[in-house]
Amino acid sequence: MKIIVTGSAGFIGSALTIRLLERGDEVIGIDNHNNYYDPSIKEARVKRNKKNTNYHHLKIDLCDKIKIEEIFETHKPDMVVNLAAQAGVRYSIENPLAYINSNILGFTNILENCRKLKVKHLVYASTSSVYGANTKIPFSEHDSANHPLSFYAATKKSNELMAHTYSHLFKLPTTGLRFFTVYGPWGRPDMALFKFTKAILEKKSIDVFNFGDHTRDFTYIDDVVEGIIKCLDSPAKENINWNPKDPDPASSKDPWKIYNIGNNQPINLNEYISQLESNLGEKAEKNFLPLQPGDISVTYANSNNLKNKFGYKPSTSVHDGIAKFVEWYKSFYNL
């Protein structure tokens, strides 16, 4: 198949691109290489695909309506995976406009071009952050997600609603994936594992928010990519048995689906740090701080829908995942 992957220089996008190329798909990668974090790691990720003749990399912003239209018209993709977004819970408090541009305007351009070209399936990134103030654990797609606690989460919830509209009006098959704290080699420098590793090796203190009482459903990158591919290969279909009185938020008669992708084994942040210390052979100097605005204290995925539909089950433990990340980090930075 010919597949457009946006955010192809990003953590998840680059890993997905490699898997798609390995199985013989043609991938058109789109990324604007912004400087939200060090662009050099984005360049390094893309270099892994440069020699593959089935890969085409385009340095373009999703907000550029004309160029995005040209890309779709030129390449005529069978399917699209939209992973490009302005990420980060705390940064959305500082710069909300960046999230409107990337996550709302950019996603609108993707939806419009998928509609015009009648692509077979649009898969897009959502986030566990949409559950916000929801206190029912574990988080299920069948639960309400109407009270996000950050502007980032609000834009992602908006993406789900926008996709549903296009699925309803134009019968565009769309699937939203709520990712739960993705980590692993080639990860984002703004995320906890990367920041903690760098600080510990440089003998600097680490900021531990919520006094370490966070619980996170850390999900290894390879397991996330496996989930994306399973969903991509099975376009959402109209639900002929849909009941209009069904109050289920994940239910729709339209070709629209939402899935959690999580490890189903959340661990406490202090335990996570302890396993990192063990792998590094170094002790962290911890600077304990209160819960930050926009953060939620617990994430825990109920992934039964994905399991029942595709037999999906993450296979990488946090212990093994951290070990693989540390091995990559030391190699990448020649330590």
Side-chain angles (χ1 to χ4, degrees), residues 82-83 85-108 111 123-168 174-182 190-192 209-219 224 242-252 254 256-264 266-269 289-306:
N82 185 67
L83 299 173
Q86 178 57 59
V89 168
R90 294 174 194 131
Y91 186 59
S92 69
I93 298 173
E94 303 171 26
N95 188 8
L97 189 58
Y99 293 75
I100 292 295
N101 290 334
S102 294
N103 302 3
I104 303 298
L105 178 57
F107 189 57
T108 301
L111 285 169
V123 174
Y124 62 94
S126 186
T127 173
S128 60
S129 295
V130 299
Y131 289 107
N134 183 14
T135 57
K136 182 176 175 290
I137 301 295
F139 297 150
S140 168
E141 303 94 332
H142 305 289
D143 300 331
S144 171
N146 293 327
H147 301 283
L149 298 179
S150 68
F151 195 66
Y152 162 66
T155 62
K156 285 304 193 176
K157 177 62 177 176
S158 298
N159 287 171
E160 296 178 1
L161 299 174
M162 293 160 69
H164 183 272
T165 302
Y166 272 68
S167 293
H168 175 74
T174 67
T175 299
L177 302 178
R178 293 172 176 171
F179 298 131
F180 282 70
T181 316
V182 187
D190 65 313
M191 295 191 72
F209 295 110
N210 202 28
F211 305 103
D213 200 28
H214 275 320
T215 300
R216 288 287 181 266
D217 200 344
F218 294 98
T219 314
V224 168
W242 181 74
N243 182 351
K245 295 182 180 180
D246 189 348
D248 184 351
S251 173
S252 173
D254 303 304
W256 174 87
K257 293 294 182 185
I258 295 289
Y259 292 109
N260 288 337
I261 295 189
N263 195 40
N264 299 117
I267 69 168
N268 181 271
L269 182 57
L289 297 168
L291 185 70
Q292 296 295 288
D295 273 358
I296 54 181
S297 59
V298 178
T299 64
Y300 182 0
N302 177 338
S303 296
N304 286 342
N305 281 351
L306 206 58

> Got a sec, which residues hit salt bridge (Lys or Arg N to Asp or Glu O under 4.0 Å) with Asp190, two or more places apart in sequence or on another chain?
Replying inline: Arg188
> Closest approach of Val298 and Arg216, non-hydrogen atoms and distance?
Replying inline: N-NH1, 3.8 Å
> Does any donor atom in the side chain of His142 or Asn302 lie under 3.5 Å from an acceptor atom in the other side chain?
Replying inline: no
> Which atom names give the shortest non-hydrogen contact between Phe218 and Asn263, and what distance separates them?
Replying inline: O-CB, 3.1 Å
> Between the side chain of Thr219 and the main-chain N/O of Val182, is any donor-acceptor distance below 3.5 Å?
Replying inline: no
> If only atom types and distance count, is the side chain of Ser140 paired as donor or acceptor with the main-chain N or O of Pro138 below 3.5 Å?
Replying inline: no
> Got a second to check how far Asn210's CG is from Thr215's OG1, nearest 0.5 Å?
Replying inline: 9.0 Å
>> Here's a test for you: under side-chain contact (heavy atoms from CB on, under 4.5 Å), which of Ile258, Leu306, Asn304 qualifies with Glu141?
In response: Ile258
> What is the minimum heavy-atom distance between Ser128 and Thr299, and which atoms define it?
Replying inline: OG-CG2, 4.2 Å
> Taking only residues two or more places apart in sequence or in another chain, which ones pass salt bridge (Lys or Arg N to Asp or Glu O under 4.0 Å) with Arg178?
Replying inline: Glu160
>> Working to the nearest 0.5 angstrom, can you tell me the gap between Asn82 CG and Leu177 CG?
In response: 11.0 Å
> If you look at every heavy atom in Gly262 and Ala301, which pair is closest and at what distance?
Replying inline: CA-CB, 3.7 Å
> How long is the gap from NZ on Lys257 to OG on Ser252, to the nearest 0.5 Å?
Replying inline: 8.0 Å
> Under 3.5 Å, is there a donor-acceptor pair linking the side chains of Tyr99 and Asn103?
Replying inline: no
>> Quick check against the 3.5 Å criterion: does Lys156 have a side-chain atom that pairs as donor or acceptor with the backbone of Ala125?
In response: yes
>> Apply side chain to side chain contact (heavy atoms under 4.5 Å, CB included) to residues Met162 and Tyr124 and explain how you reach the verdict.
In response: CA-CA 11 Å; Met162 293 160 69; Tyr124 62 94; over 6 Å; no
> To the nearest 0.5 Å, how far apart are CD1 in Ile93 and CG in Asn95?
Replying inline: 12.0 Å
> Once you round to the nearest 0.5 Å, how far does CD1 of Ile137 lie from OH of Tyr131?
Replying inline: 10.0 Å
> What's the shortest heavy-atom distance between His214 and Asp295, and which atoms?
Replying inline: NE2-OD2, 3.8 Å
> Is a donor on one side and an acceptor on the other found under 3.5 Å between the side chain of Asp217 and the backbone of Thr181?
Replying inline: no
> Is any side-chain heavy atom of Asp254 closer than 4.5 Å to a side-chain heavy atom of His164?
Replying inline: yes
> Between Phe151 and Ile100, is any pair of side-chain heavy atoms under 4.5 Å apart?
Replying inline: yes
> Which atoms form the tightest heavy-atom contact between Asn260 and Ser303, and what is the distance?
Replying inline: O-OG, 3.6 Å
> Roughly how far apart are Thr175 OG1 and Tyr259 OH, rounded to 0.5 Å?
Replying inline: 6.5 Å
